[in-house]
**Student:** 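Before I ask anything, here is the structure I am working with.
Throughout, residue positions are numbered sequentially from 1 according to the sequence presented.
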Amino acid sequence: MPDIPTATPRARVRVPLRFADGYGADAELVTFHGLADGREHLAAVLGDPGPVPLVRLHSECLTGDVFGSARCDCGPQLREAVERIADRGGILLYLRQEGRGIGLYNKLDAYALQDEGLDTYAANTALGLPEDARDYTAAAQMLTALGVTELDLLSNNPDKSAQLRALGITVRDRVPTGVFTTAHNIHYLRAKALQTRHTLPLAELTELTAG
């Protein structure tokens with residue numbers, strides 16, 4: 001395994017999760033000491049994880065997760081992930097990497113550029129920022145601290161599985177999430193399929209953007 005700092009669990013607390021549609025699940029939330037980036041990332045252990053748990057790396061999205069923004073698919077992905085992981089048993093890592101790592105204010109600045117016609121990645125680079133600044137070293141630390149060295153990854157993003165494998169975590173399978181389209185996020189989803197090869201139905205998204 002690559003030489004990365006060891007993290008350890010800091011505290012564990014049981015929290016009943018409840019969503020606006022009435023769905024609920026009980027989670028054990030875990031905090032950590034020693035994360036490489038110094039951020040307050042969180043693990044939610046759901047259901048009864050087996051030897052190869054289902055895991056999602058969910059990057060924080062205040063606009064989508066909290067306010068229900070229709071400009072992305074983050075809120076529905078979070079809701080779906082909690083239910084699917086609770087049913088099978090696994091872990092959701094809630095990572096404090098707003099706006100693919102560029103922060104909330106920069107994300108909103110990028111939204112303004114998207115309103116002028118740039119896609120989500122071009123908007124970041126127009127601000128002098130990386131297309132995707134996320135690093136999953138802390139995620140690998142958290143998983144290792146929880147005793148997880150092999151997993152099935154709930155994600156459409158091939159970069160997440162590639163980074164985890166490079167960090168010494170065995171990704172047995174990458175399990176696609178659902179596709180949550182709105183009139184406001186079609187161009188965003190299409191850019192993810194084209195630019196970073198997310199496993200999304202490109203033909204269907206192209207038809208919707210052309211319609």
**Student:** Does either side chain, that of Asp135 or that of Thr137, offer a donor lying less than 3.5 Å from an acceptor on the other one?
**Tutor:**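 Per modelled atom types, Asp135 and Thr137 side chains form a pair under 3.5 Å.
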
**Student:** At their closest point, which heavy atom of Gly64 faces which heavy atom of Cys72, and how far apart are they?
**Tutor:** CA-SG, 4.0 Å

**Student:** Compute whether any side-chain donor of one residue and acceptor of the other, for Thr177 and Arg56, lie under 3.5 angstrom apart.
**Tutor:** no

**Student:** If Ile, Leu, Val, Met, Phe, Trp and Tyr residues are connected whenever their side-chain heavy atoms lie under 4.5 Å apart, and connections chain through other members, are Tyr121 and Ile102 in the same group?
**Tutor:**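 No.
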
**Student:** Run the numbers on Thr144 and Gln141 for side-chain contact (heavy atoms from CB on, under 4.5 Å), then give the verdict.
**Tutor:** CA-CA 5 Å; Thr144 302; Gln141 289 180 288; 5.9 Å; no

**Student:** Find the distance between CD (Glu40) and CG (Leu35) and round it off to the nearest 0.5 Å.
**Tutor:**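 Reported value, rounded in 0.5 Å steps: 10.0 Å.
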
**Student:** Enter the distance from Gln77:CD to Asp65:CG here, rounded to the nearest 0.5 Å.
**Tutor:** 9.5 Å

**Student:** Where do Ser155 and Asn157 come nearest, in terms of heavy atoms and distance?
**Tutor:**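 Nearest pair, atom of Ser155 first, then Asn157: OG-N, 2.9 Å.
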
**Student:** If you measure from the Lys or Arg side-chain nitrogens to the Asp or Glu carboxylate oxygens, is any gap between Asp152 and Arg88 under 4.0 Å?
**Tutor:**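 The answer is yes: the pair qualifies as a salt bridge.
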
**Student:** Does His184 form a side-chain contact (heavy atoms from CB on, under 4.5 Å) with Ser69? I'd like the steps, not just the answer.
**Tutor:** CA-CA 9 Å; His184 303 280; Ser69 169; over 6 Å; no

**Student:** Counting only heavy atoms not in Arg39 (residues, nucleotides, ligands), do more than 12 fall under 6.0 Å from its CZ?
**Tutor:**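 Yes, enclosed.
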
**Student:** State the CG-CG distance between Leu127 and Leu113, to the nearest 0.5 angstrom.
**Tutor:** 5.0 Å

**Student:** Indicate, with yes or no, if Leu104 and Tyr111 share a hydrophobic cluster defined by side-chain heavy-atom contacts under 4.5 Å among Ile, Leu, Val, Met, Phe, Trp and Tyr.
**Tutor:**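 Looking at the clustering, Leu104 is in the same group as Tyr111.
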
**Student:** For Ala166, give me all partners under side-chain contact (heavy atoms from CB on, under 4.5 Å), at least two apart in sequence or on another chain.
**Tutor:**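 Counting only residues at least two positions away or on another chain, Ala166 forms no side-chain contact (heavy atoms from CB on, under 4.5 Å).
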
**Student:** Can you measure from CG (Leu93) to NE2 (His58) and round to the nearest 0.5 angstrom?
**Tutor:**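 If I round to the nearest 0.5 Å, the distance is 11.5 Å.
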
**Student:** Would you call Asp115 and Arg71 a salt bridge, using N to O less than 4.0 angstrom?
**Tutor:**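 Salt bridge: yes.
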
**Student:** Same hydrophobic cluster for Met142 and Val52, using side-chain heavy-atom links shorter than 4.5 Å among ILVMFWY?
**Tutor:**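 No, Met142 and Val52 fall in different hydrophobic clusters.
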
**Student:** Would you say His41's side chain and Arg96's backbone share a donor-acceptor pair under 3.5 angstrom?
**Tutor:** yes

**Student:** To the nearest 0.5 Å, how far apart are CG in Leu143 and OG1 in Thr170?
**Tutor:**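 Rounded to the nearest 0.5 Å, the CG-OG1 separation comes to 11.5 Å.
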
**Student:** Mind checking whether Leu118 and Leu129 sit in one hydrophobic cluster, side chains of I, L, V, M, F, W, Y counted as touching below 4.5 Å?
**Tutor:**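 Per the 4.5 Å side-chain linkage, Leu118 and Leu129 are co-clustered.
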
**Student:** For Pro53 and Gly90, which heavy atoms make the closest approach, and how far apart are they?
**Tutor:**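 Looking at all heavy atoms of both residues, the shortest contact is CB-CA, 3.7 Å.
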
**Student:** Under the 3.5 angstrom rule, does the side chain of Arg174 hit a backbone N or O of Asn156 as a donor-acceptor pair?
**Tutor:**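 Yes: the side chain of Arg174 pairs with the backbone of Asn156.
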
**Student:** For the atom pair CZ (Arg12) and CD (Glu28), what is the distance rounded to the nearest 0.5 Å?
**Tutor:**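 Between Arg12 CZ and Glu28 CD, I get 5.0 Å after rounding to 0.5 Å.
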
**Student:** Has Ser59 got a side-chain atom pairing as donor or acceptor with Arg100's backbone, closer than 3.5 angstrom?
**Tutor:** no

**Student:** Which Ile, Leu, Val, Met, Phe, Trp or Tyr residues join Leu29 in one cluster when any pair of side-chain heavy atoms under 4.5 Å counts as a link?
**Tutor:** Val13, Val15, Leu17, Phe19, Tyr23, Leu42, Leu46, Leu54, Leu78, Val82, Ile85, Leu92, Tyr94, Leu154, Val175

**Student:** Just by modelled atom types, is the Arg134 backbone N or O under 3.5 Å from a matching donor or acceptor in the Gln97 side chain?
**Tutor:**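 Not confirmed, Gln97 side chain does not pair with Arg134 backbone.
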
**Student:** Return the minimal non-hydrogen interatomic distance between Lys107 and Cys61, and the atom names on each side.
**Tutor:** NZ-SG, 3.4 Å

**Student:** Minimum heavy-atom separation for Val30 and Pro9, please, with both atom names.
**Tutor:** CG1-CB, 4.2 Å

**Student:** Sub-3.5 Å donor-acceptor pair from the side chain of Gln114 to the main-chain atoms of Ala123, do we have one?
**Tutor:**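 Not a single qualifying donor-acceptor pair exists.
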
**Student:** Any donor and acceptor pair, going by atom type alone, linking the side chain of Lys160 with main-chain N or O of Leu57 inside 3.5 Å?
**Tutor:**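 Flag set: sc Lys160 to bb Leu57 pair under 3.5 Å.
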
**Student:** Looking only at heavy atoms, which two atoms of Leu146 and Ala43 are closest? And how far apart?
**Tutor:**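 Looks like CD1-CB, 3.9 Å.
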
**Student:** Do the side chains of Tyr136 and Val171 join up, straight or via other hydrophobic residues, at under 4.5 Å, putting them in one cluster?
**Tutor:**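 Yes, it is one cluster - the side chains of Tyr136 and Val171 are joined through contacts under 4.5 Å.
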
